[in-house]
There are 2 protein chains.
Amino acid sequence: MNINEIAKLAGVSRATVSRYLNDGYVSEEKRKVIKDVIEQTGYQPSAQAQSLRKQVTGLIGVIIPRIQSESVSRMVAGISRVLSESGYQLLLANTQNNEKEELKYLKTFRKNHVDGIIFMGTMFTKAHFSLMKELEVPIVILGQQVEGYSCVYQDDYNAAKEAVRLLVGSGKTIGYIGVNTRDKAAGTHRKKGFLEELTRNGIKAEEKYMEEADFAVEAGYEATNRLMKRSPDIDSILCATDSIAVGALKHIRELGKRIPDDIQLIGFGDNAITGIVEPSITTVHFYYHTSGEESARLLLEILSSGEDFKKQIKMGYRMNIQESTRK
Amino acid sequence: MNINEIAKLAGVSRATVSRYLNDGYVSEEKRKVIKDVIEQTGYQPSAQAQSLRKQVTGLIGVIIPRIQSESVSRMVAGISRVLSESGYQLLLANTQNNEKEELKYLKTFRKNHVDGIIFMGTMFTKAHFSLMKELEVPIVILGQQVEGYSCVYQDDYNAAKEAVRLLVGSGKTIGYIGVNTRDKAAGTHRKKGFLEELTRNGIKAEEKYMEEADFAVEAGYEATNRLMKRSPDIDSILCATDSIAVGALKHIRELGKRIPDDIQLIGFGDNAITGIVEPSITTVHFYYHTSGEESARLLLEILSSGEDFKKQIKMGYRMNIQESTRK
DNA sequence: TTGTACGCGTTATCAA
DNA sequence: TTGATAACGCGTACAA
């Protein structure tokens, strides 16, 4: 069913049908006839043909590292809400945190002439930048601050500092379990906030109080094991993700230590699970859903204004203080 | 950058370039020239123009009820893995479980000429069926068994029966917290399995031992409250989802009862959280990730064979026995 | 207010 | 082996 058949059925030229669909001049009588025909046939103009002609696809490419992640899925939900409201469709690419896949999908997006891209990346290489430069589509980076690009990201640095302040109030020896610092947001900035706030409080940061883990409960468990074995005097641990914090909680419990009496715990992300475990875990709430919405709105702004003004939006945060911290 | 410019730069006709791209006859020398030009320019044929011409888009529409759900995101990950391997792109529609949205997106998919649709729905209305009938695209339904359609679904019925067998072995009074039965899979079939296996064991199912809740921890908590107030003699509860089971766990703990000594608990879905709470919750493992893969494979089969043979795939399950059940 | 004709970027047919 | 040309479905400038 195409516009020619509709035109034939309605007894008009296909230009008239096209005008009808695009708010052009059509007489009342023809308007009625065309309307009836379209309703009866359930005709829908072909998106491909339209975009070939109009050079606009209504498609937004979204690259995510891993869909089975609470923070990621919350952001995608936010993106989806805003885009769908504006009539855009979402072309999703799940890369499993694989650089090659990311690059591949950037190319796929170009091939599909997406109108814009929301890129939730964790690590950016030269290959990324050179490819992103090549693409003429507006790109909004979500979750990381990248100079020279429009982006929406979390205030990892200050959140970490605030978490440390919370811990030093009632703790003496603060441990840290971080993630790979190739991830600037969750890795570098959270660690930097931790270190600098320690220093500001006159505490010397020592290697023996620090560990690194993957984004997973099991990894958090193991890292805590290493950490506590090496430095049993630790009385507080800041974990770069909630999963790690949950793993830490498990290990601490097995050690027979009490939370928060013997050891305090703080995580990042405000995953649902932090409110379910016993004791519940104090954690940094990032507005992930809102970040997603915000990134989509920013992209829409760029699209409607026709100009990428490289706005950088740093989102707020708040501490969700639960039972794993003293006082 | 389009095929005409490439042709001009390479000093050949655009037909030759097209043949080069589509494995046609091209002499070695021209092949080289064209290859160089394409590599230097980074040219990619337009997907829109190709699909307009070839009547194939390489797009698969995927409708999901809610992305912030562990089971859904696992299935999407499975779908994504298989489709991306076969060079398909995924057009994602997150409907927030809203019927209107589902219908809207089915239409959007038609407009975009997706090659196929994977529909993860919970409740199917007449409007759904009439619209799905209209679409000439192959549809695979994921998560529900629907007569007359290709689908991949879980064995909710038998899983519920097995769960009941587990409970009756060491329990006497079995409670059930279900979800809305308009959802055939999680609502009707799990409940039916529960009821029939009770009967098979000579236990009379009574209304006072049954409750209904939404898919959420809080709702499970409240439902358990109602259930236990009404029937304090209950010593086992089967919950239609893990979230509900976690809510139940919270409430039971607040009642001062022990799990599993006083009350046993079983959930469905094998969410990560069941292994993290204390005590961990016995739960039915459905192969969600594999289901997603399976649905994608089924769709690919249909696409390559050109015939929708309405295959119905019932997936297996296994009990993940943890600490919330006796013995 | 309506219709004709062209072009968007491809691929496929056909003749050379 | 190559190139001219038609066609995919649509929107729009232009002429009527």
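All values derive from a computational prediction rather than experimental measurement. Chain naming here is simple, since letters A, B, ... match the order of the sequence lines and numbering starts at 1 in each.
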Residues [X], [Y]: salt bridge by 4.0 Å N-O rule:
X	Y	value
B:K104	B:E101	yes
B:E85	B:R81	yes
A:E294	A:R297	yes

| Would you say the base of C:dG3 and the side-chain of A:R19 have a donor-acceptor pair closer than 3.5 Å? | yes
| task | Return the nearest nucleotide to the side chain of B:R53; candidates are D:dC10, C:dG9, C:dT2. | result | C:dG9
| request: Identify which nucleotide among D:dG3, D:dC10, C:dT4 has an atom closest to any side-chain atom of A:A49, counting heavy atoms from C-beta outward. | output: D:dC10
Protein-nucleotide distance ([X], atom [atom1]; [N], atom [atom2]), rounded to Å:
X	N	atom1	atom2	result
A:R14	C:dC6	CZ	P	12 Å
B:I34	D:dT1	CD1	C1'	12 Å
B:Q48	D:dC10	CD	P	14 Å
A:N22	C:dG3	CG	P	16 Å
B:Q50	C:dA12	CD	C1'	13 Å
A:L52	C:dT10	CG	P	9 Å

| said: Heavy atoms only, 4.0 Å cut-off, all strands: where does A:Y20 land among base, sugar-phosphate and nothing? | reply: nothing
| task | Give one of base, sugar-phosphate or nothing for B:S18, where a contact means two heavy atoms less than 4.0 Å apart. | result | base
| query | Relative to the 5' end of DNA chain D, which residue comes earlier, B:S27 or B:K54, by the nucleotide with the nearest heavy atom? | reply | B:S27
| task | Pick out which of A:T95, A:L92, A:I79 makes a side-chain contact (heavy atoms from CB on, under 4.5 Å) with A:I64. | result | A:L92
| Taking only side-chain nitrogens and oxygens of A:Q55, does any of them come within less than 4.0 Å of OP1 or OP2 of C:dG9? | yes
